[in-house]
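Here is the naming used below: chain letters follow the sequence lines, and residue numbers restart at 1 for every chain.
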Amino acid sequence: MVEGAAGGEPVSEELATSMRTGLCGRLGLDDVGRRVRLCGWVARRREHGEHLAFVDLRDYSGVVQCVVDRAVEVRGEDVVAVEGIVRRRPEGTANPRLATGEVEIAECRIERLAAAQTPPLSPEDRVEPDEALRMRYRYLDLRRPRLQRNLRLRAQVSSALRSAIERHGFCEVETPLLWAPTPEGAREFAVPSRLHHGSFYVLPQSPQLAKQLLMVAGFDRYYQIARCLRDEDPRADRQYEFTQFDLEASFVSQEDVMAIVGDVVRAAAQAVLGEPPGPIETMTYDEAMSRFGTDKPDLRFGMELVDLGPALTGTGLRALAAPQRRAITVPGGGQTSRSRLDGLVDRARQLGAPGLAWFRVQAGETGPILESPLAGHLSDQERAALLAATGAEPGDLVLAVAGEEWRSVCTVLGALRVDLGGQEPGPRPSRFVWVVDFPMFKGLDETGRPVPAHHPFTMPHPEDLDRLATDPLSVRAQAYDLVLNGWELGSGSVRIHRPDVQRSVFAALGISEAEARGRFGFLLDALAYGAPPHAGFAFGLDRLVAIFCGEENIREVIAFPKTQSGADLMTGAPKPLSDAALAELGLAPPAR
RNA sequence: GGACCUGUGGUGCAGCUUGGAGUGCACGCCGGCCUGUCAAGCCGGAGGUCGCGGGUUCAAAUCCCGUCAGGUCCGCCA
């Protein structure tokens, strides 16, 4: 018996049913002499002369070899039932690379339960099929060990998370998928109403407001493994629909939530990786930006940003004369080719930088030499100061960016750091980090209104509350992100639980009383009936599992993902609706 | 909305720079041989709209333009 994936009651290891006595991959010497009946797919067939053939039978647990007569007509991916005797393989024919390699099934009677066409991609292939083909035949792709492993590991993570969060007294509550439009932030998927032509539900970008209402309702601690939907262009780490592990608690501080989330995430890591990661460190948003050029720092490698301001004060080099100038050092990058450097300059421009200065550091007779078209515009003192500030050694590459704005200069270098970093060999253990003290607002829009960095229900830092109207950009939010290896796993915040504070935040955002009522009236009403102080968090399950699986794309941990253009290559979605179906929804047929 | 990469028998690739007969490799498939293989082996065979459309040229998988699909990224993702 083994522990069930749910960590609860043990389940039978054999999964015996009326059709089979057990699983292929579990057979061993202990079973020798048993008469077994097995079901599965034909993984491979090897023929040897007039009568002998071997058929490898596969189910999810593994493969076992069956000895059959050549006349048996089964081929790859047929579904068969095999009845026979488990026997030890003849001397010298055991296969140590196979878990069941000591035994084989003899005296086989094979029944074909379903014939298979030759598949366009096979789990037995040794090459990685084209992505489009994989998605079109996803049910075949899912037969492959990689995706079997990923999805089963995902189930283990979910299960471990549920167990851990329930130990903290959290109660699972489901919230609606058909929600009301609350325009703000991510674009929403709309669902037309059949009974109310011209009106729409939207699919929730997150259960944010619903879970706050559950706090008002007195549930105290809520969680949900919630599907979220955002109509924004997919990426390697984003799909239209994705899964959040979502939680909210009453009468808690930011630190309480961080402790709980840290505990459940570590429990999940323990469950699938065998050992919990080290303690999760904490860093402020300002520190993350200035050291790593991002609010989601990858701490698995160095290459931190350094400030070149003092080193180059009053420089005559125009490319680095702007108020903000920072640099990273790429260890061993001194041999980077000119074309590769041109590519980095293009990348910096694409990221919004006016340019990128590079310096290949070479060993000279009297010390390191900076090799760069720009080096001649620096004085001896400036060259020495640049080397001292970056700590660059001969053989390294220094990349520097200058600009008006601290944040954008850092962001460009942060992206280059990730592009170039972490290529040193050797193991790189995962590094969780909390990023705290986010600014309440990202900046100002064209009309001078502050742009919220989080959703508008985030509680400002109490010390900064009185600057909301006068100096909004200096206001910190009680918001916190959890970051793993450079991926933003999730974010959370202390919520506003008082209507007067909520009104002043809306006012700072330039949202009028009437507009706020129109969009969030139900929330304002609820806050008026006694809302407990509450705070919460949500993190992307797809991303967490992808990292645990060593995958770089969340499609690899989603059973039926969509392409970057939002298509489902298997079902053909999205598809047109008939004119009749459109009419029933009160929608006009598209112009043809 | 934009940038870049990819598209060649069922599958994965090479061929494209420098135009010259659908040429090649591996897997799979079909047939034959083979009684201990396990990525079986050996022999033979079938299988092609070089994504699609247009252009240049005596001649296009190859060069040019457009377009479609997949991917990576920018914008976007409160």
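- For the residue pair T118(A)/R75(A), the side-chain donor-acceptor check at 3.5 Å is satisfied.
- Nearer to the 5' terminus of RNA chain B, by closest-nucleotide assignment, is the contact made by R70(A) (compared with the other of R70(A) and Q65(A)).
- Closest to the A236(A) side chain, of the nucleotides C34(B), C38(B), C73(B), is C73(B).
- Here the separation of G70(B) from G32(B), taken at their P atoms, is 42 Å to the nearest Å.
- Atom CD of Q148(A) has more than 12 heavy atoms from other residues, nucleotides or ligands within 6.0 Å.
- Between the side chains of S206(A) and Q244(A), no donor N or O sits under 3.5 Å from an acceptor N or O.
- Atom CG of D237(A) and atom P of C74(B) are 9 Å apart (whole Å).
- Comparing the C1' positions of C68(B) and G75(B) gives a spacing of 23 Å, expressed to the nearest Å.
- Backbone-only contact: P452(A) has heavy atoms under 4.0 Å from sugar-phosphate atoms and none from a base.
- With a 3.5 Å ceiling on both atom-pair distances, the Watson-Crick or G-U wobble partner of G44(B) is C30(B).
- Residues Q239(A) and D542(A) bring no donor and acceptor atom of their side chains to less than 3.5 Å of each other.
- Using a 4.0 Å heavy-atom criterion, one finds that R235(A) contacts the bases of the nucleic acid, with or without backbone contacts as well.
- R238(A) contributes a side-chain N or O that forms a donor-acceptor pair with the base of C77(B) under 3.5 Å.
- When Watson-Crick and G-U wobble pairs are counted only if both distances are under 3.5 Å, U23(B) pairs with A14(B).
- Using a 4.0 Å heavy-atom cutoff across all strands shown, Q208(A) reaches at least one base atom of the nucleic acid.
- Rounding to whole angstrom units, CG of residue D69(A) and P of G36(B) are separated by 15 Å.
- A cation-pi arrangement is present between R417(A) and F301(A), with the terminal nitrogen or guanidinium carbon under 6.0 Å from the aromatic centre and inside a 45° cone about the axis.
- Looking at heavy atoms from C-beta onward, L209(A) lies in side-chain contact with W179(A) at the 4.5 angstrom threshold.
- C58(B) and G1(B) have their P atoms separated by 40 Å, with the value rounded to a whole Å.
- Contact between the side-chain N/O atoms of R46(A) and the OP1/OP2 oxygens of U37(B) is not found at any separation under 4.0 Å.
- Atom pair R88(A):CZ and G36(B):C1' shows a separation of 16 Å (rounding to whole Å applied).
- Atom CG of L140(A) and atom P of G10(B) are 17 Å apart (whole Å).
- The base of U37(B) sits within donor-acceptor range of the side chain of R89(A), with an N or O pair under 3.5 Å.
- At a threshold of 4.0 angstrom between heavy atoms, the contacts of R347(A) are confined to the sugar-phosphate backbone, with no base atom among them.
- The same atom, C1', is picked in G9(B) and in G15(B); the two are 15 Å apart, to the nearest Å.
- Residue R97(A) contributes atom CZ, which lies 11 Å from atom C1' of A40(B) at whole-angstrom precision.
- Side chains of R467(A) and H461(A): a donor-acceptor N/O pair is absent below 3.5 angstrom, by distance only.
- Across all strands, T563(A) comes closer than 4.0 Å only to sugar-phosphate atoms, never to a base (heavy-atom distances).
- Mapped onto RNA chain B by nearest heavy atom, F54(A) and N553(A) fall at different nucleotides, with F54(A) at the one closer to the 5' end.
- With rounding to whole Å, E131(A) atom CD is found 15 Å from G7(B) atom P.
- In terms of phosphate contacts, R75(A) brings a side-chain nitrogen or oxygen within less than 4.0 Å of OP1 or OP2 of C30(B).
- Note on H51(A): nothing from the nucleic acid sits closer than 4.0 angstrom, heavy atoms only.
- The shortest distance between the side-chain N/O atoms of R187(A) and the OP1/OP2 oxygens of C76(B) is not below 4.0 Å.
- In this structure, E104(A) reaches the bases: a heavy-atom distance under 4.0 Å links it to at least one base atom across the strands shown.
- Within 6.0 Å of CZ on F54(A) lie more than 12 heavy atoms contributed by other residues, nucleotides or ligands.
- Contacts of S206(A) with the nucleic acid, taken as non-hydrogen atoms under 4.0 Å apart, include base atoms.
- Atom pair D346(A):CG and G2(B):P shows a separation of 19 Å (rounding to whole Å applied).
- Applying the 4.0 Å criterion to OP1 and OP2 of C74(B), one finds that R349(A) has every side-chain N and O outside that range.
- G66(B) and A26(B): their P atoms are spaced 39 Å apart (whole Å).
- As rounded to whole Å, 11 Å separates atom P of U8(B) from atom CG of L133(A).
- Of all nucleotides listed (G36(B), C73(B), U72(B)), U72(B) comes nearest to the side chain of R555(A).
- Remark: the separation of the C1' atoms in G22(B) and A60(B) is 13 Å, to the nearest Å.
- Side-chain proximity of H48(A) to the nucleotides A40(B), C76(B), G12(B) is greatest for A40(B).
- Annotation: C63(B) and U8(B) have their P atoms spaced 16 Å apart (nearest Å).
- Searching all strands for a Watson-Crick or G-U wobble partner of G66(B) with both distances below 3.5 Å returns C52(B).
- Taking the side chain of V127(A) as heavy atoms from C-beta on, and the options C74(B), U11(B), C38(B), the nearest nucleotide is U11(B).
- S61(A) and D59(A) share a donor-acceptor pair across their side chains, judged by distance under 3.5 Å alone.
- Across all strands shown, D231(A) has no heavy atoms under 4.0 Å from either base or sugar-phosphate atoms.
- Within the 4.0 angstrom heavy-atom criterion, no nucleotide atom of any strand lies near A53(A).
- Counting non-hydrogen atoms under 4.0 angstrom, D130(A) reaches the backbone sugars and phosphates but no base.
- Using a 4.0 Å heavy-atom criterion, one finds that R45(A) contacts no nucleic acid atom at all.
- A94(A) comes within 4.0 angstrom of a base, heavy atoms only.
- Here R543(A) lies out of heavy-atom contact (under 4.0 Å) with every strand.
- Of the P atoms belonging to U23(B) and G28(B), the separation is 25 Å, rounded to the nearest Å.
- Across U72(B), C74(B), G12(B), the shortest atom-to-atom separation from the side chain of Q564(A) is found for U72(B).
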